[in-house]
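Note sheet for the following structure.
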Amino acid sequence: MLLTSTEPSWEKPHITDHAVVDLSDPAALPAAGRALAGRHDLAGVMTWDEWSVVPTARLARQLGLPTTAPEVMQGCRNKATARSLFARHGVPSAASVSVRTHQEAEAGADRIGYPVVLKPASHAGAIGVLRVDDRAQLTAAPFPLRVARLLTTAARPCRPGTRPGLGRLVLRPCGAGDRRGWGRWLRRSVRPAR
């Protein structure tokens with residue numbers, strides 16, 4: 001069974017039934033899920049789409065199927081929420097600051113220390129990631145404009161048909177796995193054997 005926002009194409013050989021539904025509609029998605037559950041004996045609900053993990057968990061809960069709590073999935077999807085939960089429960093993690101303005105980004109980066117990474121709180125993977133090596137880079141043109149654009153991006157839906165973003169960025173120390181920075185770190189950190 002498949003709930004999808006468009007008619008299935010490559011999925012057709014792998015499914016027995018489907019419903020086309022607005023996946024971001026909190027009323028339509030459970031209705032479509034209940035309709036499929038009424039026609040089939042479902043054992044679970046899953047998604048391969050990071051943006052759909054919270055609605056998928058909600059749907060599974062509504063259908064009485066095994067799931068991770070939607071609140072937990074929300075924490076997994078939102079970087080600022082995850083960091084807040086880590087701090088509340090004593091789980092070590094990199095320092096981070098949730099920012100809504102360029103001035104907050106400057107203050108946060110000064111507090112955390114450079115280099116830092118700025119990324120939308122509710123986007124996935126490396127979408128919209130900016131690496132900032134020092135204060136001069138953060139304040140020099142055109143960087144303030146790039147941060148403003150990133151804040152605008154963070155407030156828009158992650159993709160068509162989804163809810164708006166949170167309009168926040170997460171600022172955190174730049175780590176070894178950060179895009180556009182990991183190779184340089186690796187070269188400095190890994191020494192050839194003698």
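Bear in mind the structure is a predicted one, so any value in this text is a computation, not a measurement. As a basis for the values below, the full set of heavy atoms in this structure was taken, side chains included, without hydrogen atoms, waters or symmetry mates.
Looking at heavy atoms from C-beta onward, Ile15 lies out of side-chain contact with Asp17 at the 4.5 angstrom threshold. A heavy-atom distance below 4.5 Å is not found between the side chains of Pro115 and Asp134. No side-chain heavy atom of Val97 sits under 4.5 Å from any side-chain heavy atom of Glu104.
In this structure, Leu65 CG and Met46 CE are separated by 13.5 Å, a value rounded to the nearest 0.5 Å. Atoms CG and OG1, from Leu29 and Thr56 in turn, are 7.0 Å apart once rounded to the nearest 0.5 Å. Once rounded to the nearest 0.5 Å, the distance linking CG of Leu118 with CZ of Arg131 reads 12.5 Å. Atom CG of Leu63 is separated from atom CG of Leu36 by 9.0 Å, given to the nearest 0.5 angstrom. To the nearest 0.5 Å, atoms CE (Met1) and OG1 (Thr16) are separated by 4.0 Å. Taken from OG in Ser52 to CE in Met73, the straight-line distance is 10.5 Å, to the nearest 0.5 Å.
Under a hydrophobic-cluster definition in which Ile, Leu, Val, Met, Phe, Trp and Tyr are linked whenever side-chain heavy atoms come within less than 4.5 Å, directly or via other members, Val21 and Val45 are assigned to the same cluster.
The two atoms that bring Leu59 and Pro30 nearest to each other are CD1-CA, 3.7 Å, heavy atoms only. Between Ala28 and Asp22, the shortest heavy-atom distance links the atoms CB-O, 4.4 Å. Considering all non-hydrogen atoms of both residues, Leu85 and Gly75 come closest at CD1-CA, 4.2 Å. Nearest heavy atoms, Thr67 versus Ala60: CB-CB, 3.5 Å. Across all their heavy atoms, Ala32 and Ala19 have their closest contact at CB-CB, 4.3 Å.
Side-chain N or O atoms of Thr4 include one that pairs as donor or acceptor with a backbone N or O of Thr6 at under 3.5 Å. Side-chain atoms of Glu11 come within 3.5 Å of backbone atoms of Ser9 as a donor-acceptor pair (strictly under, hydrogens ignored). At least one donor-acceptor pair closer than 3.5 Å links the side chain of Gln137 to the backbone N or O of Asp133.
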Inset, instruction - Given side chain to side chain contact (heavy atoms under 4.5 Å, CB included), test Val117 with Val132 step by step and report yes or no. - result: CA-CA 6 Å; Val117 170; Val132 185; over 6 Å; no
Inset, instruction - For the pair Leu23 and Ser5, evaluate side chain to side chain contact (heavy atoms under 4.5 Å, CB included) and give the outcome as yes or no after the intermediate values. - result: CA-CA 6 Å; Leu23 299 174; Ser5 58; 4.3 Å; yes
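Side chain to side chain, Glu7 and His18 meet the donor-acceptor criterion of an N or O pair below 3.5 Å.
Salt bridge annotation for Arg61-Glu71: present, with a cationic side-chain nitrogen under 4.0 angstrom from a carboxylate oxygen.
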